[in-house]
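Numbering of residues begins at 1 and proceeds along the displayed sequence. Predicted model only: the values in this text are computed from it and were never measured.
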Amino acid sequence: MRMTKKLVAVLMTLLMVVICCIPAFAKAPKYDNYAVLGDSIPTGYMLPGYKYAGRKTVLWPVVPNSYPTFVAKGVGAKNTYMLAHSGYRTADLRRVLDPDFAGDYFNARRLPKLADTYAVDQAGLEKLRKGVIKYLKKSDLITLQIGANDSFQVIVILFEMLRENQELLAELQASGALDPNVTTKMLEKLAQDNETLLRIIEMELASVQGFRNNFDVIIKKIHEINPNAKVVVLGLYNPLECFNIAGISPAPLIQPLIQGFNSYMQSGSQYSKYYTYCPLTNIENYMGTLQLFANPELPGDVHPTPKGHQQIADQILAVL
């Protein structure tokens, strides 16, 4: 009887030890310095406090309640280096990291540029490159979120060109801002310019293959700069996942395009051993919640809501 009681006591003690240890295993590992690479999503675009910080600025502000703030808190990071810049495509980030890359026609829309031209400022780019490399070397955790602007870059750039064309913008506003029919006609006018049309066709044809080539070089460069850092690559989320119309979701309409990018990042890249892939699913965003006019600059904004940023952070911490 005494032996039975002792055995029960020992088993209960072991059970309590195991229960106490479970949270320790579930908790994300500790990282001191966290570097954030990518586009407008990690910069916190559309969140209160977001400000465009400029093409030449290496470190952009970390916006409160953006997912990098939650990730930093979850891993106990002392420093968060916001190296993501709004609008970045893989061609832009690759040009920052790879001095041998000639880039493309639209790099100057994202990177330091010469005054009154759309030519990249090489001196400004070199300074930006040195700064980014400096902070990547310091970091033991790096997240990369890139590719959304590659998949929809033609639409994004056309809207940017429309905003910059004062004559067309005035015509649009006089006809009724954000009227879909009028906006479509304005975009058609822009696309009729021969050089613009040629560039757009080239971009569309090369978008998928260009993404793959650029992504591989980006990963390779990150590994060369800091082979010891934990790198997490975020997949693209489908902005139509989180809503339905009469019980039917339109998400499958664009899922093949998104899946093509995600499949490559998950296992297609020859450098996939250098990072951990983090799929993003059911991320709340303004388009998905039918807040189509939350952003006056871009109808149907696919950026995450505050809840969406928390969801992204949770999914990143889960893979850590």
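Within the 4.5 Å cutoff, the side chain of N228 has no heavy atoms near those of the D140 side chain. At least one side-chain heavy atom of T305 sits less than 4.5 Å from a side-chain heavy atom of Q291. Looking at I222 and Y271, their side chains never come closer than 4.5 Å, going by heavy atoms from C-beta outward. In this structure, H309 and N65 have side chains that are not in contact, with every pair of non-hydrogen atoms separated by 4.5 Å or more. Inter-residue side-chain proximity for L320 and K230 is flagged as met; some heavy-atom pair is nearer than 4.5 Å. Looking at Q266 and S272, their side chains never come closer than 4.5 Å, going by heavy atoms from C-beta outward. Side-chain atoms of L280 and Q145, non-hydrogen and from C-beta on, do get closer than 4.5 Å to each other. Within the 4.5 Å cutoff, the side chain of V120 has heavy atoms near those of the R95 side chain.
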Legend entry - Worked verdict on Y274 versus S269 for side chain to side chain donor-acceptor pair (under 3.5 Å): CA-CA 10 Å; Y274 292 153; S269 172; over 6 Å; no
Inset, instruction - Take Q311 and Y67 through the test side chain to side chain donor-acceptor pair (under 3.5 Å) and record every step on the way to the result. - result: CA-CA 8 Å; Q311 292 170 324; Y67 78 74; over 6 Å; no
Legend entry - From CA spacing to verdict: salt bridge (charged side-chain N to carboxylate O under 4.0 Å, His left out), R89, D39: CA-CA 7 Å; R89 304 163 298 138; D39 50 33; over 6 Å; no
Inset, instruction - Determine, stepwise, if the pair V302 / I41 fulfils side-chain contact (heavy atoms from CB on, under 4.5 Å). - result: CA-CA 9 Å; V302 300; I41 296 176; over 6 Å; no
Inset, instruction - Evaluate the criterion side-chain contact (heavy atoms from CB on, under 4.5 Å) for residue pair R212 and D216; output intermediate values, then yes/no. - result: CA-CA 6 Å; R212 293 176 176 180; D216 280 356; 5.6 Å; no
Inset, instruction - Determine, stepwise, if the pair V36 / T80 fulfils side-chain contact (heavy atoms from CB on, under 4.5 Å). - result: CA-CA 7 Å; V36 186; T80 301; 4.1 Å; yes
Inset, instruction - Test N214 against T90 for side chain to side chain donor-acceptor pair (under 3.5 Å), laying out the working first. - result: CA-CA 6 Å; N214 295 335; T90 53; 3.2 Å; yes
Inset, instruction - Apply side chain to side chain donor-acceptor pair (under 3.5 Å) to H303 and S40, showing your working. - result: CA-CA 8 Å; H303 288 87; S40 58; 2.5 Å; yes
Inset, instruction - Begin from the C-alpha positions of F101 and N213 and carry the test side-chain contact (heavy atoms from CB on, under 4.5 Å) through to its verdict. - result: CA-CA 11 Å; F101 180 51; N213 293 339; over 6 Å; no
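Under the 4.5 Å side-chain heavy-atom criterion for ILVMFWY residues, no single connected hydrophobic cluster contains both F70 and V319. A chain of hydrophobic side-chain contacts below 4.5 Å, direct or via other Ile, Leu, Val, Met, Phe, Trp or Tyr residues, connects F261 to Y264. Residues I142 and I225 share a hydrophobic cluster, clusters being chains of Ile/Leu/Val/Met/Phe/Trp/Tyr side chains in contact below 4.5 Å. Two different hydrophobic clusters hold L125 and L114 under the rule that ILVMFWY side chains link at heavy-atom gaps under 4.5 Å. One hydrophobic cluster, built from ILVMFWY side chains closer than 4.5 Å, cannot hold both V217 and L144; they sit in different ones.
Nearest heavy-atom pair, N262 versus L236, reported as atom, atom and distance to 0.1 Å: OD1-N, 2.7 Å. The two residues K56 and L128 come nearest to each other via the heavy atoms O-CD1, 4.1 Å. Counting all heavy atoms, side chain and backbone alike, Y50 lies closest to S86 at OH-OG, 2.6 Å. For the residue pair D32 and K30, the shortest heavy atom distance occurs at OD1-NZ, 2.7 Å. Nearest heavy atoms, A229 versus S139: CB-O, 3.6 Å. Heavy atoms only, all atoms of each residue included: C242 and P239 are closest at SG-O, 4.2 Å.
Around NZ of K134, the count of heavy atoms belonging to other residues, nucleotides or ligands within 6.0 Å does not exceed 12.
Checked by atom type and distance alone, the side chain of R55 pairs as donor or acceptor with a backbone atom of A108 at under 3.5 Å. The main-chain N or O of N282 is found under 3.5 Å from a side-chain atom of E241 such that the two form a donor-acceptor pair. Distance alone, capped at 3.5 Å, is enough to place a donor-acceptor pair between the D104 side chain and the N107 backbone. Under a 3.5 Å cut-off, the side chain of T69 and the backbone N or O of S66 do form a donor-acceptor pair.
Aromatic ring centres of Y275 and F215: separated by under 6.0 Å.
To the nearest 0.5 Å, the span separating CZ on R129 from NZ on K221 amounts to 9.0 Å. N33 contributes atom CG, which lies 10.0 Å from atom CG of N226 (distance to the nearest 0.5 angstrom). The line from CG of L93 to CZ of R110 is 13.0 Å long, rounded to the nearest 0.5 Å. Here the CZ-CG distance, from F106 to N149, works out to 13.0 Å after rounding to the nearest 0.5 Å. With values rounded to the nearest 0.5 angstrom, I146 atom CD1 is found 7.5 Å from D92 atom CG. Interatomic distance, CG of N285 versus CG of D301, reported as 8.0 Å (0.5 Å rounding).
No hydrogens or angles considered: a donor-acceptor pair under 3.5 Å links the side chains of N295 and Y45.
Screening W60, Y34, Y135 for a ring-ring contact (aromatic ring centres under 6.0 Å, His included) involving Y81 leaves a single residue, Y135.
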